[in-house]
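In what follows, a structure is listed as structure tokens, so that the remarks can point back to it.
Chain naming here is simple, since letters A, B, ... match the order of the sequence lines and numbering starts at 1 in each.
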There are 2 protein chains.
Amino acid sequence: MRRWNGWGDDSTTKEVSEHGGALIRSFIGEPKALADVSLESVMAKVPASRLPKHPLISTDAEERVRHARGQSFPDWLAMRSGDFDVFPDGIAYPETSTQVREILDLAVEHDFIVIPYGGGTSVAGHITPQENAKAILTIDMGRMNQLMELNEESQIATFGAGTPGPQVESQLQARGYTLGHYPQSWELSTIGGWVATRSSGQQSLRYGRIEQMFAGGKLETMLGTMDIPTIPASSAGPDMREVTMGMEGRMGIYTEVKVRVVRVAQEEKFMVCFMPSWEAGKAVAREVAQQKIPMSMMRVSNAAETRAHANLGTTLKQFKLLDGYLRFRGLDDNRCMLTFGVTGSKLQNKSSMKQVKKILRQYKGIGGPLANIMGSIWAHGRFKFPYLRETTWAQGIAVDTLETSTDWDNVDNMMNGMEESLRTALKDEGEEVMVFTHLSHVYGQGSSIYTTYFFRCADTYENTLARWKKLKGNTCDVIAQGRATISHQHGVGRDHAPYMPAEKGELGMRVIETLIKDFDPEKRLNPGVLIEDDK
Amino acid sequence: MRRWNGWGDDSTTKEVSEHGGALIRSFIGEPKALADVSLESVMAKVPASRLPKHPLISTDAEERVRHARGQSFPDWLAMRSGDFDVFPDGIAYPETSTQVREILDLAVEHDFIVIPYGGGTSVAGHITPQENAKAILTIDMGRMNQLMELNEESQIATFGAGTPGPQVESQLQARGYTLGHYPQSWELSTIGGWVATRSSGQQSLRYGRIEQMFAGGKLETMLGTMDIPTIPASSAGPDMREVTMGMEGRMGIYTEVKVRVVRVAQEEKFMVCFMPSWEAGKAVAREVAQQKIPMSMMRVSNAAETRAHANLGTTLKQFKLLDGYLRFRGLDDNRCMLTFGVTGSKLQNKSSMKQVKKILRQYKGIGGPLANIMGSIWAHGRFKFPYLRETTWAQGIAVDTLETSTDWDNVDNMMNGMEESLRTALKDEGEEVMVFTHLSHVYGQGSSIYTTYFFRCADTYENTLARWKKLKGNTCDVIAQGRATISHQHGVGRDHAPYMPAEKGELGMRVIETLIKDFDPEKRLNPGVLIEDDK
């Protein structure tokens, strides 16, 4: 069953090896766990609903708890401590676009606020209700989870916006097609959520970001239904796909999402190899992107992440074997892991591999017999990382990630700045932070930067949240001031809204504010998300 | 010297072969030419300027004539007949963003209208001044034509927005880079114009449309300067590149354009081959796009265009040789010409050719010894087609094109509908129209459709314009009602503005109107373009 207070299904766990745990502790010291509260105790705190009685609205306490938070670190602390403060007043589970319309009309009639809810996987506070004089209704799109139409000639699939990753793929693959969108949240996140927050998946190098996949669909707004037609490409003014994507529910709620799909590829392979240095690893990724070599993924872990993964993901015996082999081949602690994949026809994959191997040789990469095995291990465990938080949490170790993207000439500057900011953020408390980074989405122009950090829980929930705020705040300042985006793949929500003006500029903010003001003058749709509203 | 009343440089012409001319006449009958007026006679009609005297503003009569029209068919008739009606009141040639700002401030101070002007190549009425109580200043961006910066690590080039195609490429190629954007207007159109109208080039299959190339830059608006930062990809709300692209000057004027460039490819080849039928040709293009085979272009001419090009572009001897060879190989009058190209490393090109040849064999394509020669001929003459209008005009033959894009399952329906509409539009006058079509930009989801038509000039300019209006109007109705875009690559301007509501819908139009109202409440920036303004 899905965990009410953490990631994913409670039958799934991701263990940390003993030597992996020891590595983390060697950085941050001996941790001490905080106690979790029970679902029942939180349910007892749920106040009376302020919503009108209506067949489309449930006010069941458990449902209200289960829809009260996403997966950001503050959300996690709320779920573990029971300090929720605010719950939605009710949950709706529409089954059609018409029902979504009906709910929006109700919101006007009864003057309440709505929060669109996909898989509840936001790590930026998109779905977290805030104290408000008005009642709050969370709209769970989960019942709109069907492949409604597949146009094989034009390779366009129409889905209910609440369809989660596994159901997107199973319904498509049964007919020989795939979307190929694999964010790490794939198990739970939904196609409507991907579009609303401009999501990116692990194989974006082949399939593109959701921006490239999204072909049109239906957006229910306060002003009526916006039908976005499917047109392959157009020069007829701004593209309504692009204008509405990333509005995070503030212009309306996607109910039907049309996406560009492709036939399932003949062959897919993932491989891992090791480069002698960060510079070499980064150069390979940059060359692959700039030479437009058809790959499906390319990830470069820095030396710290390479070491962390080698420890966390192996038995001690495996680790020693790998470490010994790589040292024998001349790679020291500066080595960096490269994870990459090809997906396509055998003929094209062969050519792509030939091209990438040429670059790997040039930068003295070491693959050898391990490459394919380690690649398969990565592919097998690719959606498991979020489960790690559960495991370390039980030991008193907090883990979170931060990400951005920037141009190649700024990648080192930004990565070093983010890591340094995280490493030193808790110095005033004498706390150490373990930090590592990889590049996972590479473009001709630049790359995403994805940084993971571990720190000790404080003695109380309150102090643990204060630690996180320092880590997050300091590092977001570094990003906002550094020619980089406040989010490459997680969206804005409430947590990143304060950093939007630095990125978008005064006139960019004006565009967003003007659209919200025009489409939702009463601010009933997810207020406080994307931009900080005036009170 | 650049023609004042037609396309391009007056030292360049594109001849029509005798048998090619005969083919056109066999469709439309014997034409009769209309007389052109002289530049001097038009200059004599230029009224006194209503603009204030200012060092940045020229009111020279010849300059005002030369900036009064673009290259749409009505523009052409105006330039040939001398019936201009309206001229801009003056021309400014800013050299910096600061001067553009200064001009916009002047526009407020003196209450005049501005029209941004790139290469003057619009075929949709973007730069054609309309009768207005206010004075009209055309801002020619042509002096901002420099490569200002090239960041080789991030492969981003910054250009003055008025840089035309040849200067974009010569400045980049001198340093080993290319943009790869080759619209047919490339000789004259500018990088700022490409962005403002969402242009697409002949090799979009490799390089993408301008949307994929545009990385950021500077937009001078009535509210101040919008700086659009370069970020490889972001999930932080709507993308200001996308919001401003296609606004056709109505939100502001691009002054600096940053684009994603790539290193000049190791190898580039163009080829021509012939398919036994339209269905086969279309299938090859669709397979190439849907299998994501790395090609740089793929064009499918229908049987009528295949026949027209074979006649127009060859000597009679060449034509007979080609025709004989193809008939010998079993291809009859249903044959369709496929023009395609690969651009990249030799290794990748070899793989791409292997993949495309497999598909060609499957659909029984005929290439043989002619493929490479004919491909080179195409590449050599690729920007010459617009000169054809000059040649046929002198014989009394009018030529124009219409284009759209739509999903694959709608391509035949749309192509047939457009061709039929054009063929029958002048039936009431007993006039025949020669029509042919190709697909030139192919996507996984669908394709662009580009239709050329020839018709006889009427006895007067007025009646010739009336003929065109019937042809254009009827066919745009077919497009607007048919799940297709009113323009895949030429923008909206004034000519396509009436069809925007059908494509964008009520709420899509509202987005555009809201942004214009907020950014330019006095409607001083190119009014009447993109959307029809209320009077």
Side-chain angles (χ1 to χ4, degrees), chain A residues 151 153-156 197-199 209 215 221 223-224 226-227 229-240 242-243 246-247 260 262 290 294 347-348 351 354-355 405 407-409 443-447 483 485-492 500 503-505 507-508 511-512 514-515 518 530, chain B residues 151 153-156 197-199 209 215 221 223-224 226-227 229-240 242-243 246-247 260 262 290 294 347-348 351 354-355 405 407-409 443-447 483 485-492 500 503-505 507-508 511-512 514-515 518 530:
Chain A
N151 183 327
E153 189 173 357
S154 305
Q155 300 197 336
I156 294 175
T197 61
R198 293 183 168 255
S199 160
R209 294 168 61 87
T221 81
L223 305 175
M226 185 189 275
D227 273 306
T230 62
I231 288 173
S234 168
S235 64
D239 189 332
M240 290 307 131
E242 289 283 353
V243 171
M247 287 298 285
R260 297 161 178 161
V262 291
Q290 295 187 341
L347 210 157
Q348 179 57 55
S351 160
K354 215 167 163 177
Q355 293 175 72
S405 87
D407 297 346
W408 282 115
D409 66 290
Y443 306 88
Q445 172 184 347
S447 174
R483 289 207 285 133
T485 176
I486 197 61
S487 179
H488 170 268
Q489 66 206 58
H490 291 148
V492 179
M500 284 287 277
E503 180 165 341
K504 299 291 180 184
L507 294 184
V511 164
I512 297 171
T514 299
L515 290 175
D518 189 58
L530 188 62
Chain B
N151 183 326
E153 190 173 356
S154 305
Q155 299 198 337
I156 294 175
T197 61
R198 294 183 167 254
S199 159
R209 294 167 61 86
T221 81
L223 305 175
M226 184 188 276
D227 272 305
T230 61
I231 288 173
S234 168
S235 65
D239 189 332
M240 290 308 132
E242 289 284 353
V243 171
M247 286 300 285
R260 296 160 178 160
V262 290
Q290 294 187 341
L347 211 157
Q348 179 57 54
S351 161
K354 215 165 161 178
Q355 293 175 71
S405 87
D407 297 346
W408 281 116
D409 66 289
Y443 306 88
Q445 172 184 347
S447 174
R483 289 206 287 131
T485 177
I486 197 62
S487 179
H488 169 268
Q489 66 206 56
H490 290 149
V492 181
M500 284 287 277
E503 180 165 342
K504 298 291 180 185
L507 294 185
V511 164
I512 298 171
T514 299
L515 290 175
D518 189 58
L530 188 62

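The structure places NZ of A:K354 at 9.5 Å from OG of B:S351, a figure rounded to the nearest 0.5 Å. A:Q155 contributes atom CD, which lies 11.0 Å from atom CG of B:D407 (distance to the nearest 0.5 angstrom). One finds the CG atom of B:D239 at 5.5 Å from the CZ atom of A:R198 (value rounded to the nearest 0.5 Å).
With a 4.5 Å cut-off on non-hydrogen atoms, B:T221 touches chain A through its side chain but not through its backbone. Contact of B:T230 with chain A is made through backbone and side chain together, with heavy-atom distances under 4.5 Å. For chain B, the nearby parts of A:L223 are the backbone and the side chain; heavy atoms of each come within less than 4.5 Å. For chain A, the nearby parts of B:D409 are the backbone and the side chain; heavy atoms of each come within less than 4.5 Å. Interface residue B:M226: backbone and side-chain heavy atoms are both found under 4.5 Å from chain A. Interface residue B:I156: only side-chain heavy atoms are found under 4.5 Å from chain A. For A:N151, the part lying under 4.5 angstrom from a heavy atom of chain B is the side chain only. Contacts between B:V243 and chain A at a heavy-atom distance below 4.5 Å involve backbone atoms as well as side-chain atoms. For A:L515, the part lying under 4.5 angstrom from a heavy atom of chain B is the side chain only. The part of B:L530 that comes within reach of chain A is its side chain, from C-beta onward, which places non-hydrogen atoms under 4.5 angstrom from that chain.
Per-residue counts of heavy-atom pairs under 4.5 Å with chain B were compared for A:S199, A:P229, A:G446; the largest is that of A:G446. Most heavy-atom pairs under 4.5 Å with chain A, from the set B:Q348, B:E503, B:H490, B:M500: that is B:Q348. Contact count versus chain A (heavy atoms, under 4.5 Å) is highest, among B:L507, B:V262, B:L347, B:T197, for B:L507. Between chain A and the options B:D227, B:I486, B:V492, B:T514, heavy-atom pairs under 4.5 Å are most frequent for B:T514. Taking chain A as the reference chain and counting heavy-atom pairs below 4.5 Å, the highest number among B:G505, B:A233, B:G246, B:A215 is found for B:A233. Between chain B and the residues A:M247, A:H488, A:R260, the most heavy-atom pairs under 4.5 angstrom are made by A:H488. If you tally non-hydrogen atom pairs under 4.5 Å between each of A:E242, A:Q445, A:R483 and chain B, the highest count goes to A:Q445.
At least one side-chain heavy atom of A:M240 sits less than 4.5 Å from a side-chain heavy atom of B:I512.
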Next item on the list: For the pair B:S487 and A:S235, evaluate side chain to side chain donor-acceptor pair (under 3.5 Å) and give the outcome as yes or no after the intermediate values.
Entry: CA-CA 6 Å; B:S487 179; A:S235 64; 2.9 Å; yes
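Judged by distance alone, the side chain of B:Q290 and the main-chain N or O of A:E153 form a donor-acceptor pair under 3.5 Å.
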